[in-house]
There are 2 protein chains.
Amino acid sequence: MDTETEKLKQARDEFVAQWGALGTQWGINRTMAQIHALLMTAPESLTTDEVMEELEISRGNAHSNIKELVAWGLIRSVVKKGERREFFEAEKDVWQIFTIVARERKRREIDPALAILNRCAEESEGIATPEGKAFHAQMRSLEDFVSFASKMSDRISLMKHGFALQMAAKLLG
Amino acid sequence: MDTETEKLKQARDEFVAQWGALGTQWGINRTMAQIHALLMTAPESLTTDEVMEELEISRGNAHSNIKELVAWGLIRSVVKKGERREFFEAEKDVWQIFTIVARERKRREIDPALAILNRCAEESEGIATPEGKAFHAQMRSLEDFVSFASKMSDRISLMKHGFALQMAAKLLG
DNA sequence: CTGATTTTTCAGTATTTACTGAAAACCGTG
DNA sequence: CACGGTTTTCAGTAAATACTGAAAAATCAG
């Protein structure tokens, strides 16, 4: 193996390892983030066995995290003619990745928060004591804000990359 | 205790419990989120002992999570004349809460990602093989996007609530 | 239908993260 | 500067989360 290929391998390995560590901070498990990094930087689609070997993880672990990534839409399975096993490749478009992650986070973080706030606001609706009114007002203001953030997130995700960028340029400029 | 006060207590307890559960999804530990919820909806500032009692947690746990919340800026300690112990109260302004959480997430999630991407982009700078070029390009495009997101986040956090809202209204309209 | 290959499941185990409780350090007051 | 109240630390333990490996189920070619 020549020096250049060696250097690339090193850089890629580092990326996979570090991206995995970062995943933890993002509330994504290490392995899932590593597989994602591996596939994002793979020239060709990979099989489960290749993923297992590359990351030195068990079949069960590889399998479940691959499934999870497919469920998210961050990777997809591809069929190769004459091949019985599944191959996987990653979505590489950054805007696409961003919208997928945003959608997933909204589902896990924003939507449940909204549900709680709405319920607590309802439950405290008619309470006439000063404390009751204060609590209700607080729930409503949180609800309003989170609901607003939720709508914004949806709206931005639906944009085309170019349009969002343009929008943002105005905001930054 | 009359019915109204009882109902309020129930609603508030539910909020604290649920917000705690939600915290987990947000990568914040349960107790920290519960203490935050408790203080956000407290009519008066509370002592460590009151937090311990209300949430039925140990002193050590209460202490360290209160400290963490203070470090984030989501709660602050207040001194009461004639009182030796510390009291704590929560930041209640939603925009303020939002910017604090955004800042913290940026620190934990965006900044490290940028560091990794930058490093891997540098390391793969001069590699002339097609794979090397592809890898480098991928790192750069991820870096560009994350760096852009980082700047956006900063910019929005610096806005006044009203201005951000106005901006967003245009976007949503 | 059979046998080989591939995928899926899951009980058991390991690792990571959070919490307890008690002891130590700190701090203001008399 | 000694004492009681208060805060801080941290070793040990509990709980949550992730991973392994082997067995079961599914899939497919002949």
Side-chain angles (χ1 to χ4, degrees), chain A residues 16-17 19-39 45-72 75-89 104 108-109 112, chain B residues 16-39 45-72 75-89 104 108-109:
Chain A
V16 170
W19 203 250
L22 190 65
T24 314
Q25 303 290 349
W26 281 70
I28 287 163
N29 81 50
R30 182 188 313 279
T31 306
M32 184 168 159
Q34 279 180 339
I35 296 177
H36 183 226
L38 186 70
L39 288 172
S45 57
L46 303 180
T47 62
T48 301
D49 286 82
E50 286 168 326
V51 170
M52 284 167 63
E53 183 168 357
E54 190 72 40
L55 303 178
E56 303 183 40
I57 58 175
S58 73
R59 182 170 305 282
N61 193 12
H63 175 75
S64 58
N65 283 296
I66 286 174
K67 276 285 122 96
E68 189 71 6
L69 283 164
V70 170
W72 280 44
I75 69 176
R76 56 186 152 264
S77 103
V78 294
V79 282
K80 289 202 179 181
K81 52 184 176 185
E83 274 287 2
R84 201 163 142 188
R85 1 175 233 171
E86 280 189 294
F87 286 74
F88 299 94
E89 70 178 14
E104 205 59 30
R108 294 201 301 171
E109 299 175 359
Chain B
V16 170
Q18 300 273 47
W19 204 250
L22 190 66
T24 315
Q25 302 292 350
W26 281 69
I28 286 162
N29 82 49
R30 183 190 310 279
T31 306
M32 186 168 156
Q34 282 182 335
I35 296 176
H36 184 225
L38 187 70
L39 287 173
S45 57
L46 303 179
T47 62
T48 301
D49 286 83
E50 286 167 324
V51 170
M52 284 167 62
E53 182 168 358
E54 190 73 38
L55 303 179
E56 303 184 38
I57 58 175
S58 73
R59 181 171 305 284
N61 193 12
H63 175 76
S64 57
N65 283 295
I66 286 174
K67 276 285 122 94
E68 189 70 6
L69 283 164
V70 170
W72 280 45
I75 69 176
R76 56 186 150 264
S77 105
V78 294
V79 282
K80 289 201 179 182
K81 55 184 175 183
E83 275 286 3
R84 210 164 133 184
R85 10 181 220 166
E86 279 191 293
F87 287 73
F88 299 94
E89 69 179 14
E104 205 59 29
R108 294 202 299 171
E109 299 175 1

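Chain letters run A, B, ... following the sequence lines, proteins first, then strands; residues in each count from 1.
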| query | For A:Ile57 and C:dT15, what is the distance between atoms CD1 and C1' respectively, to the nearest whole Å? | reply | 16 Å
| said: Nearest heavy atom decides the nucleotide; on that basis, is A:Gly60 or A:Arg30 closer to the 5' end of DNA chain C? | reply: A:Gly60
| task | Look only at the side chain of B:Glu54 and the backbone of B:Val51, and say whether a donor-acceptor pair between them is shorter than 3.5 Å. | result | no
| task | Answer yes or no: is there a side-chain heavy-atom contact under 4.5 Å between A:Trp72 and A:Met32? | result | yes
| said: Both A:Arg59 and B:Thr31 contact DNA chain C. Taking the nearest nucleotide for each, which residue is further toward the 5' end? | reply: A:Arg59
| field | Heavy-atom pair of closest approach, residues B:Gly20 and B:Ala33 | value | CA-CB, 3.9 Å
| query | Hey, are the side chains of B:Val79 and B:Glu83 touching, using non-hydrogen atoms and a 4.5 Å cut-off? | reply | no
| said: Return the OG to CZ distance between A:Ser77 and A:Phe88, rounded to the nearest 0.5 Å. | reply: 5.5 Å
| request: State whether the side chain of A:Gln25 and the backbone N or O of A:Leu22 hold a donor-acceptor pair below 3.5 Å, judged by distance alone. | output: no
| Pairwise distance CD(B:Gln34) to CH2(B:Trp19) - rounded to 0.5 angstrom | 12.5 Å
| query | Can a salt bridge be assigned to the pair A:Arg59 and A:Asp49 using a cut-off of 4.0 Å between side-chain N and carboxylate O? | reply | yes
| query | Is the backbone N or O of B:Asn61 less than 3.5 Å from a side-chain atom of B:Asn65, with the two atoms forming a donor-acceptor pair by type? | reply | yes
| query | Got a sec? Which of residues 62-72 of chain B come in under 4.0 Å of DNA chain C, heavy atoms? | reply | B:Asn65
| query | Does the side chain of A:Asn29 come within less than 4.5 Å of A:Thr24's, by heavy atoms? | reply | no
| request: Please list, in 5' to 3' order, the outermost nucleotides of DNA chain D lying under 4.0 Å from any heavy atom of chain B. | output: D:dG4 to D:dT17
| request: Measure from CD on A:Glu50 to P on C:dT6 and round the result to the nearest Å. | output: 12 Å
| message | In the structure I gave you, are the side-chain heavy atoms of A:Leu38 and A:Leu55 within less than 4.5 Å of one another anywhere? | response | yes
Sort me out a list of protein N/O and nucleotides 27-30 of chain C N/O pairs below 3.5 Å, or just none if empty.
| residue | atom | partner | partner atom | Å |
| --- | --- | --- | --- | --- |
| C:dC27 | O2 | B:Arg84 | NH2 | 2.9 |

| Length of the line joining A:Asn29:CG and C:dT15:P, which is rounded to integer Å | 16 Å
